[in-house]
Structure formats: C-alpha cells, structure tokens
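Below you'll find the structure, written out as structure tokens, and then a few comments.
Just so we're on the same page: letters track the sequence lines, and every chain starts at 1.
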Amino acid sequence: MPELPEVETVRRTLAPVLAGATVVAALRGAHPDDILLDPWPVFAQRIRRRRIETLERRGKYLALCLDSADRLLIHLGMTGELRLSHPAAPAGAHCHLALVLRAEGQLPPALVDRRGRFLLRYHDVRRFGRIGLLDPVGWAALSARLGPEPLDPALTAAELWEHLHVRRSPVKAALLDQTLIAGIGNIYADEALFQAGIHPARRCQSLTLADVERLLTALRTVLTEAIASAGTTIRDYRDGTGRAGSYQFRLQVYGKEPGTPCPRCGAALARIRIAGRSSTFCPQCQPLLD
DNA sequence: AACCGGACCTGTATGC
DNA sequence: TGCATACAGGTCCGGT
C-alpha cells in the first residue's frame, strides 16, 4: 500500500501533533513481536519518557526522531496504518502496538483526555510492517542501503542512468528495487512508466540517457501530484488523521482491467507480470522496441 | 553478482 | 451457501 507519497502524507499529517509530544508508555497489542525489531521489554524501556522532536521520511520509512538521538523507525509494509486516537477510543482488531503520548501545547479536545494524553496506534492486518528503534549509526546504515530520493533535486538523470544501464533486468523491476531509487512501489512505477512512454519489460541496458531523463521527470511529476492528492487509497490506506487520499481518481493505468482504453490513445491496455508483480501498460504508447 | 520466485499474513473477490 | 483459489500497495531469503 504505502509508497513514498503515502508515507510522506502520513509524516505531514502526524508532524503537527507528534512534534514535541512525550512518550508516557508503550502498550502491547495483538502481535507486537511480529512487528517489533527488538524484544518487547527492550523496546518498551528504551522508548519510555522520550520526547519526539521531528519526523523524517526516507524512501518508504518514517522516522520519529527522539531526544535520545534514537529514531523510532516505522515501515508500513502493505497494510500498516498509524492512527491518532483518544485514550478511551476502542482499538481495532489488528492493533499491534500503541504509544501513550503527552501532548505539548493545545490539541483538539476530541483527541486528548483531561491529562493531555492521547494515543498513536499501529494497526496492520497483514503484519508485513516493521517498527524498531535505531541509533544514529543504525539509521545511517539503513539510509546508506537505500538509493537516492527521487524528489531530491540533486539527483540527476545521468546519475540514475549510470546505475540503470548496467542492469539486465526489466526497468519495472529496477524501479521497485529500493537500493536503486527509494520509495517507488507498484502503483507509481506503472504510472511513471506510462507517462514516460516506456514499456515495463524494457531491458535496463537498452535505456538511453534521453529515456532516463523522461523517466525521472515522469517519476517526479507523478510523485509530486500524488503527494498533493494526499496519496492513493485503493483499500486500506489512510493518513495520520484517518483521511483517505484521492490520487486513485487520477491513475492512468494502474489497476485498470486489460482491454480498458488507454487514456491517451484509446488502444487496449495490457497486463503482464514482471518480478511477480502485475504491470498494466499501453502497448501503443509504451512500445517494446528492442 | 544479479535476478527470480516463494514466503511471510489476512481479507476480499471470483468461480465452481 | 460453501469451499477453493487467486490476488493485493512490500521486503527478505534462498537458490540459480
């Protein structure tokens, strides 16, 4: 579910509430050990009384930066959700972890109790998500494993082409590789390839610099517009305040049934599997040259 | 080394 | 209606 635009939207919606808040305690939910990287007692002890200073995003990872210099790292997997709630609000069936927080400053009365406390709950039906505490060294190591941020203006098409053209895999598979470029998932890979007019099965080796320039431009356009739309909600995804995104109404190819007319040329869209993921594209606008 | 397929989980939609 | 199967936005691991 959550790719870069969704995680960025969660970050933006949570930041005004979480920045400055202090962790009073961590509470175990249904299956905390499936989600947590550390054993429960270690985690609970290390997060207690820490103050959240800022929220960062790197690729699909969200990091709550603590006053201890640790970061609370959250990856939402496929169905992970972070929800702010009043301490008395009932937890859903798949809540695995909650933080009891004490707010700094005024928050909406619907969210906090009389003592100024509220919850941040982690909810995840499929339990593919992961949460852990990382010290600065661990965070640097994780960040170093990831490819560049597509929206970083310092990233150039030439740099991306250097890493792409030596690969033999289909370009779609490369876009999903987080060590090549961070934050792209199945939805935005399909959308960007359509916008760039590149067939998803096209071999990376055959991409010209001009192809990669179009691809990077398309990635940036799609991701920027998706962030402006607060992400894509197919089924589960919600931002930190429970709101759905609206980019699903702007999707050109992702999720369309094969045979649906291409929004640009009217030809029948096709679907194939690449690297185990379904890929929808227009055979007319995205020809497989070589 | 690079790449692919399967595994990890549950829920939902579809077909028989 | 009941049951089996396929599929879903991500990542890791093992085998080739």
Item to check | Closest approach of A:Arg271 to A:Phe281 (non-hydrogen atoms, all atoms of both residues) | outcome: N-CE2, 4.5 Å
Checklist entry - C:dT11 and B:dA1: how far apart are their P atoms, nearest whole angstrom? => result 23 Å
Item to check | Derivation of the side chain to side chain donor-acceptor pair (under 3.5 Å) call for A:Ser143 and A:Arg58 | outcome: CA-CA 7 Å; A:Ser143 190; A:Arg58 177 82 171 92; 2.8 Å; yes
Next on the checklist: Taking 4.0 Å as the cut-off, does a side-chain nitrogen or oxygen of A:Tyr254 come that near to OP1 or OP2 on C:dG9?
Outcome noted: yes
Checklist entry - Would you call the rings of A:His94 and A:His96 parallel, tilted or perpendicular if under 30° counts as parallel and over 60° as perpendicular? => result tilted
Checklist entry - Atom NE2 of A:His94 and atom C1' of B:dT12: how far apart are they, to the nearest Å? => result 12 Å
Checklist entry - Hey, does the side chain of A:Arg235 come within less than 4.0 Å of B:dG11's phosphate (OP1/OP2), counting only N and O? => result no
Next on the checklist: What is the separation between atom CD1 on A:Ile234 and atom P on C:dA8, rounded to the nearest whole Å?
Outcome noted: 11 Å
Checklist entry - Considering only the P atoms, how many Å lie between C:dC3 and B:dC9, rounded to the nearest integer? => result 24 Å
Checklist entry - To the nearest angstrom, how far is A:His31 atom NE2 from B:dC9 atom P? => result 10 Å
Next on the checklist: Looking only at the side chains, is there a donor atom on one of A:Thr280 and A:Lys256 sitting less than 3.5 Å from an acceptor on the other?
Outcome noted: no
Checklist entry - Which heavy atom of A:Arg202 sits nearest a heavy atom of A:Thr208, and at what distance? => result NH2-N, 4.5 Å
Checklist entry - Is there a side-chain polar atom (N or O) of A:Ser278 under 4.0 Å from OP1 or OP2 of C:dA8? => result yes
Checklist entry - Separation of A:Ile274 atom CD1 from C:dC7 atom P, in whole Å? => result 16 Å
Item to check | Same-atom distance (C1') from B:dG6 to C:dA6, integer angstrom | outcome: 15 Å
Item to check | Shared hydrophobic cluster for A:Leu66 and A:Val42 (ILVMFWY, side-chain gaps under 4.5 Å) | outcome: no
Next on the checklist: Looking only at the side chain of A:Arg167 (C-beta and beyond, no hydrogens), which of the listed nucleotides C:dA8, B:dG11, B:dC3 gets closest?
Outcome noted: B:dC3
Checklist outcome for this item: For DNA chain B, consecutive-pair runs of 3 or more (Watson-Crick or G-U wobble, both H-bond-type distances under 3.5 Å) give B:2-8 with C:10-16, B:10-16 with C:2-8
Next on the checklist: Output the rounded distance in Å from CG (A:Asp34) to C1' (C:dT11).
Outcome noted: 15 Å
Next on the checklist: When you measure from the side-chain N and O atoms of A:Arg273 to the phosphate of C:dA8, is any distance below 4.0 Å, counting only OP1 and OP2?
Outcome noted: yes
Item to check | Shortest non-hydrogen contact between A:Pro2 and A:Leu76, atoms and distance | outcome: CG-CB, 3.4 Å
Next on the checklist: Give me the atom names and distance for the closest heavy-atom approach of A:Val24 to A:Leu101.
Outcome noted: CG2-C, 4.2 Å
Item to check | A:Gln178 side chain near C:dT11 phosphate (N/O to OP1/OP2, under 4.0 Å) | outcome: yes
Item to check | Interatomic distance, A:Leu176 CG vs C:dG9 P [rounded to whole Å] | outcome: 10 Å
Checklist entry - In whole Å, what is the span from the CG atom of A:Leu146 to the C1' atom of C:dT11? => result 12 Å
Next on the checklist: So, does A:Lys60 get its side chain near the phosphate of C:dG9, meaning an N or O under 4.0 Å from OP1 or OP2?
Outcome noted: no
Checklist entry - Taking atom P of C:dG9 as reference, at what distance in whole Å does atom CD of A:Glu191 sit? => result 13 Å
Checklist entry - Which part of the nucleic acid, if any, lies within contact of A:Pro170, taking any heavy atom under 4.0 Å across all strands shown: a base, the sugar-phosphate backbone alone, or nothing? => result sugar-phosphate
Item to check | Taking every non-hydrogen atom, the tightest pair across A:Ala218 and A:Gln195 | outcome: CA-OE1, 3.7 Å
Next on the checklist: Can you list, in residue-number order, the parts of residues 121-131 of chain A that come under 4.0 Å of DNA chain B, counting heavy atoms only?
Outcome noted: A:Val125, A:Arg126, A:Arg127, A:Phe128
Item to check | Closest heavy-atom pair and its distance - A:His86, A:Leu119 | outcome: O-CD1, 4.1 Å
Next on the checklist: Taking C:dC7 as the reference, what is the distance to B:dG5 when you measure between their P atoms (whole Å, please)?
Outcome noted: 14 Å
Checklist outcome for this item: Of the listed B:dC3, C:dA8, C:dC12, the closest approach to the A:Tyr61 side chain comes from C:dC12
Checklist entry - Considering the options A:Asp124, A:Ile74, A:Leu97, which one meets the side-chain contact (heavy atoms from CB on, under 4.5 Å) requirement together with A:Ile35? => result A:Asp124
Checklist entry - Looking at the side chain of A:Ser169, which of C:dA8, B:dC3, C:dG10 is the nearest nucleotide? => result B:dC3
